[in-house]
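Everything on this sheet refers to the single structure shown next.
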Amino acid sequence: MTISDTDLLLIIDVQNDFCPGGALAVEDGDSVLPVINRLIGKFKNIVITQDWHPIDHSSFTSNHEGQSPFSVVTMPYGEQTLWPDHCIQGTHGAEFHKDLITYPASLIIRKGMNPAIDSYSAFFENDRSTGTGLGGYLRERNIKRIICTGLAFDFCVFYSAEDSVKEQFETVVVTDACRAIDMDGTAQQATDAMKSAGITLLGSDEL
Ligand code: VGL
Ligand code: ZN
């Protein structure tokens with residue numbers, strides 16, 4: 001695949017809480033860093049997302065009495081998994097991993113700030129209709145294709161890639177630049193759903 005000026009590298013949630021030792025650690029999460037850092041050098045357009053929750057966020061198990069982490073509750077916008085408290089605004093866990101090269105990014109987009117709605121995708125909150133503004137930003141910058149990387153493959157990368165297709169961008173996911181939480185087969189489900197949505201899954205050696 002040849003990378004052009006209308007391609008965008010989207011780096012999703014490479015934050016301390018999703019890396020080993022973090023509050024919602026993804027197994028081997030930090031192993032995406034050398035892969036992503038190598039890709040950064042190939043792109044003119046880069047956007048980074050940062051999961052950025054207030055302490056009273058409704059996706060936190062601690063805000064639902066009697067519930068356990070990873071259980072599913074019904075919210076006004078649909079089903080929502082409850083997570084260990086993570087990526088709390090201003091904490092170390094919410095900072096990018098120290099090895100992530102962030103300076104070439106033109107935009108850092110924070111998401112999950114509304115306490116009432118979680119936001120996995122870089123484009124829409126979990127009601128799948130409240131926009132973050134990213135789609136408009138990318139259209140105005142004449143971006144045509146989004147290359148997705150980061151954490152976690154089966155949640156924020158998956159939702160972002162699906163919404164990227166809905167927003168009419170050609171969409172690629174770089175599998176070795178992602179790691180999955182993988183609860184009860186969610187990684188395989190995400191892979192299947194991405195393929196049927198027309199998303200291209202590639203290894204970083206193909207870029
Ligand atoms: C994520 C669960 C909760 C992610 C964020 O980045 O995949 N997952 N918040
Ligand atoms: Zn979150």
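Remember, it's 1-based here, ligands and their atoms both numbered in the order they're listed. Heavy-atom basis, side chains included; hydrogens, waters and symmetry copies ignored.
Contact annotation: H86 places an N, O or S atom under 2.8 Å from the Zn ion (ligand 2).
Between K144 and D7, no side-chain nitrogen of the basic residue sits less than 4.0 Å from a carboxylate oxygen of the acidic one, so the salt-bridge criterion is not met.
Around the Zn ion (ligand 2), the two atoms NE2 of H53 and OD2 of D51 are separated by an angle of 90°, to 10 degrees.
Two residues are said to be in side-chain contact when any heavy atoms from C-beta on lie closer than 4.5 Å; T149 and I12 fail this criterion. Between I40 and K42 there is no side-chain heavy-atom pair separated by less than 4.5 Å.
For ligand 1, the atoms lying closer than 4.0 Å to a non-hydrogen atom of C156 are 1 (C), 4 (C), 5 (C), 6 (O), 7 (O). Ligand-side atoms of ligand 1 in range of D13: 4 (C), 6 (O), range being under 4.0 angstrom from any heavy atom.
For the pairing with T49, the side-chain contact (heavy atoms from CB on, under 4.5 Å) check across V14, I11, V157, D13 returns one residue only, D13.
Note: an N/O pair closer than 3.5 Å links D51 and ligand 1 by distance alone. Any N or O atom pair closer than 3.5 Å counts here, and L24 shares no such pair with ligand 1. The shortest N or O to N or O distance between F18 and ligand 1 is not under 3.5 Å.
Q15 contributes a side-chain N or O that, together with a main-chain N or O of A94, makes up a donor-acceptor pair within less than 3.5 Å. A side-chain donor-acceptor contact under 3.5 Å links N63 to the backbone of H57.
Residue V157 does not touch ligand 1, judged by heavy-atom distances below 4.0 Å.
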D163 vs K166, salt bridge (Lys or Arg N to Asp or Glu O under 4.0 Å): CA-CA, chis, key distance, verdict: CA-CA 5 Å; D163 286 345; K166 281 184 203 144; 3.4 Å; yes
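Residue contacts with ligand 1 include H86, since one or more of its heavy atoms lies under 4.0 Å from the ligand.
Ranking the protein heavy atoms by distance from atom 2 (C) of ligand 1 puts W83 CE2, 3.4 Å first.
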